Chemist: 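Could you have a look at this structure, given as structure tokens, before my questions?
First the proteins, then the strands, lettered A, B, ... as listed; each starts at 1. In this text the structure is predicted, and so the values were computed from the model without any measurement.
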Amino acid sequence: MSSSALWDPWAPARSHITTELSRRLAARGFPESVEALDRQLEDAPAGVADFGYATHRAAKSAGVPADRLAAEMAEGFPLSGGLARVTSDGAYVNFHADTPRLVQSTLELVFARGPEYGRGPSRTEKACVEHTSANPTGPFHVGRVRNGIIGDTLARVLRAAGFPVTTEYYIDDMGRQSAMITWIWSIPVDQWPPSVREGAQPPAGASSTTEKADRWYGRPYPFVSELLKKDPAAAQGVADLVRDLESGHPPARHRELAQAVLDGMLASLGRVGIRFDSFVWESSLIQDGSVARVIERLRKAPHAVIEDNGALVLDAREYGLPKETAKIVVTRGDGTSLYPTRDVAYHLQKFSRFARVIDVLGQDHQLHARTLAAMLAEIGETQVPEFVIYQDITVPEGGRMSTRKGRAVYLDDLLDEAVERAKSEVLKRREDLPAEQVAEIAEHVGAGAVRYHILRVAPDKPVKFRWEEALSFEGRSGPFVQYAYARAASILRKAGLTGPPVGFNADAIAGSEETSLVRVLARLPGTVQYAARTAHVHTLATYAHEVAESFNRFYQSTPVLRADEPVRTARLALVAAARQTIGNVLDYVGLERLERM
RNA sequence: GGGCGUGUGGCCUAGUCUGGAUAGGGCAUCGGGUUCCUAACCCGAGGGUCGGGGGUUCGAAUCCCCCCACGCCCGCCA
């Protein structure tokens, strides 16, 4: 599409208001740019107007009372761009859209763009969203999946905002974590150290063929982790393995095990709609020599220092890192690399492929992000990664979810429970559906509840995990949005429509529930742009609830199929537009559209 | 001790970047609504010193300073 084509129903009004206001304010001795006014133009309170402008500041500068300036600005304001009238209320200038025209133009735009409604103009900068990148050491617990939900949604939102986006998973197959898995599974199970054998005891009947690979191969992991703290021989065994990995000689089963565990993890993520376009194995960076090249560049860096034991470190005080951590270790005494060093190599590789490189990281990686940025600067790299940092999912007793501390809920278990509950809800109200369809609906409703529950909170804030709340299908939840979609789909199905009706009369849409629904529908493109610009993907979840809520109010108050023509057809058009809009936002937040539920 | 983040009715949360009109939702509680397109819904009621204090401003949940509380990080782990 061309960038001048209309994609936001509110754009003509906003643009007219700000340019005209800018002119009129300038004439009054208060120059203010159109861009600045666009920021200051507020959504007026519902029922008062569509947009409002507070004149206090301009009035003060012009030396006139604010209410007088507001009245003056409203007086004779030219009506264009879909404005019906401009009024003043105290110090505010209030702009009212011409409702029939807004209805007409919004529905037309939704129908013209269809699945593309919500999208912005195409952009050329290729973006990479790296997220999740969890070590392949065992099943996901709910705490870790927040990374994937934020990252996956951000990728969807950036695509909607017009960027070509690749999602990428960086697999740490080099470090101690993944070496631990290979180490323990290279020992016959009956020869495992007792603490590991007892701890990892699978339930009766379980086997490597009945359990998912992530859970099966991950069973011994927490116990090996404990063992290494007190058993020097075991620690040595793992350390030897790490050296083999670093030198490019992984044991035969290493990659195979990592892949198997990873596949199990990806299957879990797939249930909540998370998929990856690309995978990069950390070991490939060692093998292709890029880590070695990074070490060479860092050796020549302005603040490089060789310690007594041969370790290469950077004195990073001037990068503003906290004093105690201002020493960045590039290589160990034996010359082997560390995670931050390898991450530099990875980022250089990403920079060669993408104009924007975005990393989704948990708050525990905050310092790593700054270290990485400092290291990239040290070697003269000008491109910088963007970081999206999110807070943990916490448990009621305080602190974050942790497998080791025994306070973790596996994603699969949560989903299984959600799906189970969803199934009984579906069965309660849909006796007509075949079992297969019930199962499919239940899977998507359960997944929708879980994904939405985690997505709805701003990344800056912790998510407090409670089973009952994560499993809620009511109120501010994923299924609430899915239900509104299903209701709209149901009406259209009963009307025998597969697309929007032709020749509807927009003037027949005049009820307050109808016109406020239109106003909400019109906000989708602006909401997408905002979410993409701020990386606050939770705002899409908020919008999804608002549009579903508005549709439900309309649904409750306004008969569609039983209405007389031409109202019936006009209302069907509104339902079709609502279905399209809710469906599109469901795509953005990664929830399945359900035609029935 | 230092760094980063958070604190909004009983509980959860939006709004904070960009100060502006009665702080918007949800859960729970109480009271209503289904001979009618799916009640996973809708309507109504009660419930708020926006952690505390100070400052800036015509105006502060929002900006600045101090304090308190909570989370995370401060490895030649990743």
Chemist: For RNA chain B, whose closest nucleotide is more 5', that of Gly52(A) or that of Arg400(A)?
Modeler: Gly52(A)

Chemist: Between atom CE of Met597(A) and atom OH of Tyr485(A), what is the distance when rounded to the nearest 0.5 Å?
Modeler: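 Between atom CE of Met597(A) and atom OH of Tyr485(A) there are 12.5 Å.
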
Chemist: Contact class for Val575(A) vs. all strands (heavy atom < 4.0 Å): base, sugar-phosphate, or nothing?
Modeler: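 The answer is nothing, as Val575(A) stays clear of every strand by at least 4.0 Å.
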
Chemist: Of the candidate nucleotides rA14(B), rC77(B), rC76(B), which contains the atom at the shortest distance from the side chain of Ala458(A)?
Modeler: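 Taking heavy atoms from C-beta onward, the closest nucleotide is rA14(B).
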
Chemist: Tell me the interatomic distance from Arg568(A), atom CZ, to rC37(B), atom C1', rounded to whole angstroms.
Modeler: 10 Å

Chemist: If you look at every strand shown and take non-hydrogen atoms under 4.0 Å, does His368(A) touch a base, only sugar-phosphate, or nothing?
Modeler: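 Nothing, no nucleic acid heavy atom in range.
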
Chemist: Leu367(A) has an atom CG; how far is it from atom C1' of rG5(B), in whole Å?
Modeler: 14 Å

Chemist: Any base atoms under 4.0 Å from Arg493(A), or only sugar-phosphate, or nothing? Heavy atoms, all strands.
Modeler: nothing

Chemist: Report the residue (Arg430(A) or His545(A)) whose heavy-atom-nearest nucleotide on RNA chain B is the more 5′ of the two.
Modeler: His545(A)

Chemist: Salt-bridge test for Glu425(A) and Arg421(A): reply yes if a basic N is under 4.0 Å from a carboxylate O, no otherwise.
Modeler: no

Chemist: Mind checking if Arg596(A) touches a base, just sugar-phosphate, or nothing, with heavy atoms under 4.0 Å?
Modeler: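 Result for Arg596(A) = base.
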
Chemist: Identify whether any heavy atom of Asp432(A) sits under 4.0 Å from a base atom; if not, whether one sits that close to sugar-phosphate; answer base, sugar-phosphate or nothing.
Modeler: nothing

Chemist: Could you work out which one of rC73(B), rA78(B), rA39(B) sits closest to the side chain of Asp172(A)?
Modeler: rA78(B)

Chemist: Does OP1 or OP2 of rU57(B) have a side-chain N or O of Arg57(A) closer than 4.0 Å?
Modeler: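 No, no such contact exists.
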
Chemist: Any side-chain N or O of Arg176(A) less than 4.0 Å from the OP1 or OP2 oxygen of rG75(B)?
Modeler: no

Chemist: Does Gln482(A) reach a base, just sugar-phosphate, or nothing at all? Heavy atoms under 4.0 Å.
Modeler: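 No contact at all - Gln482(A) keeps every heavy atom at 4.0 Å or more from the nucleic acid.
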
Chemist: Counting the atoms with a prime plus P, OP1 and OP2 as sugar-phosphate, which does Phe473(A) contact under 4.0 Å by heavy atoms, base, sugar-phosphate, or nothing?
Modeler: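 Touches a base.
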
Chemist: Considering only rC76(B), rC72(B), rC17(B), which nucleotide approaches the side chain of Tyr530(A) most closely?
Modeler: rC17(B)

Chemist: Among rA21(B), rU13(B), rC77(B), find the nucleotide with the atom closest to the side chain of Lys464(A).
Modeler: rU13(B)

Chemist: Could you check which of rA21(B), rC72(B), rC11(B) has an atom nearest any side-chain atom of Glu469(A)?
Modeler: rC11(B)

Chemist: Establish, with yes or no, whether the OP1 or OP2 oxygen of rU13(B) is under 4.0 angstrom from a side-chain nitrogen or oxygen of Arg476(A).
Modeler: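 No, because none of the side-chain N or O atoms of Arg476(A) sits under 4.0 Å from OP1 or OP2 of rU13(B).
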
Chemist: Drop me the distance from Leu262(A)'s CG to Leu257(A)'s CG, to the nearest 0.5 angstrom.
Modeler: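 Reported value, rounded in 0.5 Å steps: 12.0 Å.
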
Chemist: Contact class for Val313(A) (heavy atom, under 4.0 Å): base, sugar-phosphate, or nothing?
Modeler: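 Touches nothing.
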
Chemist: Salt bridge or not for Arg523(A) and Asp43(A), using N-O below 4.0 Å?
Modeler: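 No salt bridge links Arg523(A) with Asp43(A).
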
Chemist: From rU22(B), rG3(B), rC74(B), pick the nucleotide closest to the side chain of Val48(A)?
Modeler: rU22(B)

Chemist: Pick base, sugar-phosphate or nothing for His538(A), based on heavy-atom distances below 4.0 Å to the nucleic acid.
Modeler: sugar-phosphate

Chemist: Please tell me whether Phe480(A) and Tyr483(A) form a close aromatic pair, meaning their ring centres lie under 6.0 Å apart.
Modeler: no

Chemist: At under 4.0 Å, does any side-chain N or O of Lys461(A) touch on OP1 or OP2 of rU6(B)?
Modeler: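 No.
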
Chemist: Are a donor atom and an acceptor atom from the side chains of Ser472(A) and His453(A) found within less than 3.5 Å of each other?
Modeler: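 His453(A) and Ser472(A) do not have a side-chain donor-acceptor pair below 3.5 Å.
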
Chemist: For a quick check of understanding: with a heavy-atom distance under 4.0 Å over all strands, which category does Gly333(A) fall into, base, sugar-phosphate or nothing?
Modeler: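 Gly333(A): base contact, heavy atoms under 4.0 Å.
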
Chemist: Within the 4.0 Å heavy-atom criterion, would you say Ala44(A) contacts the bases, only the backbone, or no part of the nucleic acid?
Modeler: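 The answer is base, as Ala44(A) lies within the cut-off (heavy atoms under 4.0 Å) of a base atom.
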
Chemist: Given rU22(B), rC41(B), rC37(B), which nucleotide is nearest the side-chain atoms of Asn552(A)?
Modeler: rC41(B)

Chemist: Applying a 4.0 Å non-hydrogen cut-off, can you work out what Arg332(A) is touching in the nucleic acid: base, sugar-phosphate, or nothing?
Modeler: base

Chemist: Give the nucleotide from the list rC11(B), rU38(B), rC42(B) with an atom nearest to the side chain of Arg466(A).
Modeler: rC11(B)

Chemist: Classify the nucleic acid contact of Ala91(A) as base, sugar-phosphate or nothing, counting any heavy atom under 4.0 Å across all strands shown.
Modeler: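 Ala91(A): no heavy atom of the nucleic acid under 4.0 Å.
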
Chemist: What do you reckon, is CZ of Arg144(A) surrounded by more than 12 foreign heavy atoms closer than 6.0 Å?
Modeler: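 Atom CZ in Arg144(A) is not crowded, with 12 or fewer foreign heavy atoms closer than 6.0 Å.
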
Chemist: Which one, rU13(B), rC41(B), rG5(B), comes nearest to the side chain of Val457(A)?
Modeler: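 Closest of the options to the side chain of Val457(A): rU13(B).
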
Chemist: It should be established whether Ser490(A) places a side-chain nitrogen or oxygen under 4.0 Å from OP1 or OP2 of nucleotide rU38(B).
Modeler: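 Yes.
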
Chemist: Checking contacts here: which listed nucleotide (rU18(B), rC77(B), rC76(B)) is nearest the side-chain heavy atoms of Asn309(A)?
Modeler: rC76(B)

Chemist: Please classify the nucleic acid contact of Thr394(A) as base, sugar-phosphate, or nothing, using heavy-atom distances under 4.0 Å.
Modeler: nothing

